[in-house]
Protein chains: 2
Amino acid sequence: MLSQTSRYALHALIVIARSGGQANVRQIAAEATIPTNYLGKILHVLGRRGLLRSSRGAGGGFQLARRPEEIQLLEVIESFEDPQYFARCLLGSERCPEGRPCVAHGLWVPIVEQTRRFFETTTLADLLAEGQSLAALAGPAHLPERT
Amino acid sequence: MLSQTSRYALHALIVIARSGGQANVRQIAAEATIPTNYLGKILHVLGRRGLLRSSRGAGGGFQLARRPEEIQLLEVIESFEDPQYFARCLLGSERCPEGRPCVAHGLWVPIVEQTRRFFETTTLADLLAEGQSLAALAGPAHLPERT
DNA sequence: TCCTATTATCATGAGGATATGATTTTTGCA
DNA sequence: TGCAAAAATCATATCCTCATGATAATAGGA
């Protein structure tokens with residue numbers, strides 16, 4: 001449904017946010033179980049997109065460039081998915097031409113539009129909040145990475 | 001969102017249904033603009049899944065094995081997508097372990113579940129019906145393949 | 001000033017999805 | 001009976017995603 005790369009990116013942002021908004025590639029890779037070199041490139045892209053700031057050298061790493069409430073999930077996945085991701089119809093690899101919808105168009109558009117809206121209205125802060133309530137429910141044993 | 005292969009399969013079934021429930025690979029490939037050899041393999045898979053029947057030799061081809069109302073889109077795409085397609089969560093490549101949901105689980109599951117339900121409740125007949133109402137609205141000029 | 005930590009960049013490769021082309025098997029029909 | 005049509009199968013190629021490894025550039029701190 002979402003590429004591995006997008007999932008890595010989301011996970012990495014959560015880890016950074018939980019680490020107080022700053023962390024380096026090795027820490028994030030270890031915490032989220034992501035190949036280190038590959039993660040480096042992903043974070044670099046998020047930097048170019050303006051979601052992260054990076055600093056080199058000792059003590060460096062990546063920082064959130066905005067507050068979690070201001071980071072839409074849509075911005076993250078648009079950094080890695082095909083631009084046509086939400087435009088494709090059920091039967092084609094491109095957007096249905098204007099005025100000439102495919103036979104699945106009317107049935108499919110509401111589904112994909114709802115998905116797009118989810119990514120647009122959900123922010124990194126929402127994921128963090130969900131994690132908090134999970135931790136409250138499950139207790140520390142089930143969430144060792146938050147101890 | 002869906003693989004090219006799944007989209008080809010759906011399109012091919014529509015073409016077969018519109019051709020009176022029977023057509024051969026070359027006809028379908030031409031009508032739906034699908035590479036002929038590749039389509040052959042796709043139809044073969046649909047045959048093994050019990051959605052099509054095939055007959056070789058002159059006058060042969062592929063037939064719907066059931067009425068369009070009895071062909072769920074879910075069956076079609078499950079023939080080609082990863083079995084984990086609807087099980088993956090937002091952050092992982094596998095289903096969240098029982099009792100230990102990821103931080104996105106509660107937010108994401110309703111979205112993916114609605115998508116799955118769409119494919120489960122929508123049948124080939126629904127796509128055909130949608131095509132009919134489009135044709136009525138748009139007139140023959142915009143739907144030359146149905147003349 | 002030099003060492004080391006860290007990101008940035010480059011080169012390479014494995015594997016799957018998407019094809020393409022040729023050959024084999026089956027079957028209807030003249 | 002043999003030809004032609006059609007699916008079935010086999011071999012190969014291409015491109016993209018995901019990943020690995022090595023090197024270069026940068027910057028903090030002893």
Side-chain angles (χ1 to χ4, degrees), chain A residues 1-12 16 19 22-49 51-65 77 79-85 88 91-94, chain B residues 1-12 16 19 22-49 51-65 77 79-85 88 91-94:
Chain A
M1 207 95 172
L2 221 54
S3 69
Q4 180 70 279
T5 305
S6 289
R7 295 196 299 262
Y8 284 163
L10 290 172
H11 203 160
I16 296 171
S19 307
Q22 151 97 30
N24 71 42
V25 175
R26 274 188 308 108
Q27 293 167 344
I28 302 164
E31 176 77 15
T33 323
I34 301 172
T36 309
N37 280 333
Y38 195 55
L39 177 60
K41 276 185 247 180
I42 293 172
L43 298 180
H44 181 63
V45 171
L46 292 175
R48 280 198 276 106
R49 281 274 176 155
L51 297 175
L52 292 177
R53 270 176 286 137
S54 69
S55 55
R56 294 179 171 191
F62 288 89
Q63 285 186 301
L64 295 184
I77 72 177
S79 305
F80 303 101
E81 301 298 327
D82 184 323
Q84 295 290 304
Y85 189 71
R88 270 199 288 266
L91 297 181
S93 55
E94 298 172 6
Chain B
M1 207 96 172
L2 220 55
S3 70
Q4 180 70 278
T5 306
S6 290
R7 295 196 299 263
Y8 284 163
L10 290 172
H11 203 160
I16 296 171
S19 307
Q22 152 98 30
N24 70 43
V25 176
R26 275 189 308 109
Q27 293 167 344
I28 301 164
E31 176 78 14
T33 323
I34 300 172
T36 309
N37 280 333
Y38 194 56
L39 177 59
K41 274 186 248 179
I42 293 171
L43 298 180
H44 181 63
V45 170
L46 292 176
R48 278 198 276 109
R49 281 273 174 156
L51 298 174
L52 292 176
R53 270 175 287 139
S54 68
S55 55
R56 295 178 169 192
F62 288 89
Q63 286 185 302
L64 296 183
I77 74 177
S79 304
F80 303 101
E81 301 299 327
D82 184 323
Q84 294 291 304
Y85 189 72
R88 270 199 288 265
L91 297 181
S93 55
E94 297 172 5

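The sequence lines fix the lettering, A, B, ..., with proteins before strands; numbering per chain opens at 1.
C:dG16 atom P lies 16 Å from atom CD of B:Glu81, rounded to whole Å. Counting to the nearest Å, the C1' atom of D:dA8 and the CZ atom of B:Arg53 are 19 Å from each other. Between B:Tyr8 atom OH and C:dA17 atom C1' there is a gap of 11 Å when expressed in whole angstrom units. Summarising the geometry, the separation between CG on B:Asp82 and C1' on C:dG15 is reported as 14 Å, rounded to the nearest angstrom. Atoms CZ (B:Arg7) and C1' (C:dA19) sit 14 Å apart, rounded to a whole Å. In this structure, CZ of B:Arg26 is placed 9 Å from C1' of D:dA6, rounded to the nearest angstrom. Protein atom CZ of B:Phe62 is 12 Å distant from nucleotide atom P of D:dA6, rounded to whole Å. Remark: P of C:dA8 and CZ of A:Arg48 are 10 Å apart, rounded to the nearest angstrom.
When all heavy atoms of B:Gly60 and B:Gln22 are compared, the pair lying nearest together is O-NE2, 3.5 Å. Contact record, A:Thr36 with A:Arg26: CG2-CG, 4.2 Å, taken as the closest heavy-atom pair. Annotation for B:Ala29 and B:Leu39: closest pair N-CD2, 3.5 Å, computed over non-hydrogen atoms.
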Notebook entry, point to check: Does the pair B:Gln84 and B:Ser93 meet the rule for a side-chain hydrogen bond (donor to acceptor under 3.5 Å, both in side chains), with working shown?
Noted result: CA-CA 8 Å; B:Gln84 294 291 304; B:Ser93 55; over 6 Å; no
Note to self: Before you tell me yes or no, could you show the steps for A:Leu52 and A:Leu64 under side chain to side chain contact (heavy atoms under 4.5 Å, CB included), namely the whole-Å CA-CA distance, both residues' side-chain angles and the distance that decides it to 0.1 Å?
What the structure shows: CA-CA 5 Å; A:Leu52 292 177; A:Leu64 295 184; 3.9 Å; yes
Next item on the list: Show your working on side chain to side chain contact (heavy atoms under 4.5 Å, CB included) between B:Ile28 and B:Tyr8 and close with a plain yes or no.
Entry: CA-CA 10 Å; B:Ile28 301 164; B:Tyr8 284 163; over 6 Å; no
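One finds no side-chain N or O of A:Gln27 lying less than 4.0 angstrom from the OP1 or OP2 phosphate oxygen of C:dT6. Residue A:Thr36 places none of its side-chain N or O atoms closer than 4.0 Å to OP1 or OP2 of D:dT20. In this model, the phosphate group of C:dA17 is not approached by any side-chain N or O of B:Ser3 to a distance below 4.0 Å at OP1 or OP2.
Listed candidates were C:dG21, D:dA7, C:dA19. Nearest to the side chain of B:Asn37 is C:dG21. The listed nucleotides are C:dT7, D:dC18, D:dT20; the one nearest the side chain of A:Pro35 is D:dT20.
Within residues 38-46 of chain B, the residues that place at least one heavy atom under 4.0 Å from DNA chain C are, in residue-number order, B:Tyr38, B:Lys41.
At a threshold of 4.5 Å between non-hydrogen side-chain atoms, the residues B:Met1 and A:Met1 count as touching. Taking the side chain as every heavy atom from C-beta outward, A:Leu43 and A:Ser54 never approach each other to under 4.5 Å. Taking the side chain as every heavy atom from C-beta outward, B:Leu2 and B:Phe80 never approach each other to under 4.5 Å.
Across all strands shown, B:Gly47 has no heavy atoms under 4.0 Å from either base or sugar-phosphate atoms.
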Any N/O pairs under 3.5 Å between the protein and nucleotides 26-28 of chain D? List them or say none.
from: D:dT26; atom 1: O4'; to: A:Arg56; atom 2: NH1; distance (Å): 2.6

